[in-house]
Amino acid sequence: MPSFLSNPMKESIESKETVKDTPLIIADKMFGNRFFLGTGKFKNKSDLKESILASQTEIVTVALRRVDLERHAENILEYIPKNVTLLINTSGARNASEAVRIARLARETGCGKWVKIEVINDSKYLLPDNYETIKATEILAKEGFIVLPYVSPDLYAARELVKVGSAGVMPLGSLIGSNQGLKTKELIKILINEIDLPIIVDAGIGAPSQAAEAMEMGADAVLVNTAVATAENPSLIARAFSLATQAGRFAYLSGLPAENEAARSSSPLTGFLHENTKST
Amino acid sequence: MKIKINGEIKDVDQNTNLQKLIDRYCESNKRVVAEVNGIVVQSLSWANTPLKEGDEIEIVSFVGGG
């Protein structure tokens, strides 16, 4: 096993830094890692398993699809360690009632009641339908699901989600699979400031530096899929993402210094040099 | 008799039930969920769920997703 995979992430949390992080709490669960991983688009399942192990992520998204009647497809659950929480995506749903139907099917699998509401009826941009997402969230929260809705960052939509019992908010950074980073940065900041629920930035995070950026802003977690699954070395970039997420979190907790418009020297003034030049 | 499974019309035995259908098309260790005519049927009831002509069955399982 490559050496970079053998250092447990937990070491860095327990090291001597003065800032300690609290665990991420969503509903009734605590997570020690604020990096979430999506399981779609991996070229092969072993890449997926290596990425989960390398990043030490504690929560992954999966989807539900019709079984292929002609051949026995691989069972993805065999590649996901048992202690990892499954967040079942309602992808495929075009409206609230389809999302609700998928969630109820997911519950029947016995794999938990954590659901990511993804309602998309636009195939060009894959933008979520906030309105239908709120409707689905309200129904499913009442049925006892732990609901994490994927939305466009909108303050009013987020406030509604709080009201209807959402367990968090997952605002998109940019379009799914685009790797464009935090195009919606300023809107996400507003949610972080105003919404009293875990904010998990999801979609469009294309580089570990962008995950760090989201965490520096005060996001509670990030979810990445495409950038890991389609990388040349998925497990290596998964570890990079996990480290970057943690770095961004520590930066946020340490209180980032403000930007200055003018320079401010880091070294004291050299008064003795100026005295020499005056005398000549 | 003809029934629809995951959108495909299939010819099945008159005396079949949901359990037999799932055994035929799915690996035993896979977590699947089944709907008959839009209603989820719990796995405990599969063996007791006879199928009739024209029934529409959905069998779904987990796949990778974002």
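Just so it is clear: chains get the letters A, B, ... in the order the sequence lines come, proteins before strands, and each one is counted from 1.
Remark: B/Ser43 engages no residue in a side chain to side chain donor-acceptor pair (under 3.5 Å) (not counting sequence neighbours). With sequence neighbours excluded, the residues that form a side chain to side chain donor-acceptor pair (under 3.5 Å) with A/Thr85 are A/Lys29.
Using a cutoff of 4.0 Å between basic side-chain nitrogens and carboxylate oxygens, A/Arg71 and A/Asp68 are scored as salt-bridged. The pair B/Glu58-A/Arg66 meets the salt-bridge criterion, with a side-chain N (NZ, NE, NH1 or NH2) lying under 4.0 Å from an Asp/Glu carboxylate O. One finds no salt bridge joining A/Glu143 and A/Lys113 here, because no Lys/Arg side-chain nitrogen approaches an Asp/Glu carboxylate oxygen to under 4.0 Å.
Legend: ring pair (Phe, Tyr, Trp, His ring centres under 6.0 Å) pairs involving residues 112-149 of chain A, not counting sequence neighbours, sorted by first then second residue: A/Phe31-A/Trp114.
Contacts between B/Val40 and chain A at a heavy-atom distance below 4.5 Å involve the side chain alone, from C-beta outward. Heavy-atom distances place both the backbone and the side chain of A/Leu64 under 4.5 Å from chain B. Contacts between A/Lys45 and chain B at a heavy-atom distance below 4.5 Å are absent for every atom of the residue.
Counting heavy-atom pairs under 4.5 Å between each of A/Ile176, A/Asn225, A/Thr226, A/Thr109 and chain B puts A/Thr109 at the top. For the options A/Glu118, A/Arg65, A/Lys116, heavy-atom pairs under 4.5 Å to chain B are most numerous at A/Arg65. Your options are A/Val67, A/Ile76, A/Leu86, A/Ile80, and the one with the most heavy-atom pairs under 4.5 Å with chain B is A/Val67.
Of residues 88-107 of chain A, those residues with a non-hydrogen atom less than 4.5 Å from any non-hydrogen atom of chain B are, in numerical order, A/Ile88, A/Asn89, A/Arg101, A/Leu105.
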_Please determine whether side-chain contact (heavy atoms from CB on, under 4.5 Å) holds for the pair A/Val60 and A/Ile52, giving the CA-CA distance in whole Å, both sets of side-chain angles, and the decisive distance to 0.1 Å._
CA-CA 8 Å; A/Val60 301; A/Ile52 293 173; 4.1 Å; yes
*Test side-chain contact (heavy atoms from CB on, under 4.5 Å) applied to B/Glu35 and B/Val41, step by step*: CA-CA 6 Å; B/Glu35 265 187 350; B/Val41 180; over 6 Å; no
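Side-chain N/O atoms of B/Asn37 and B/Asp55 include a donor and acceptor closer than 3.5 Å.
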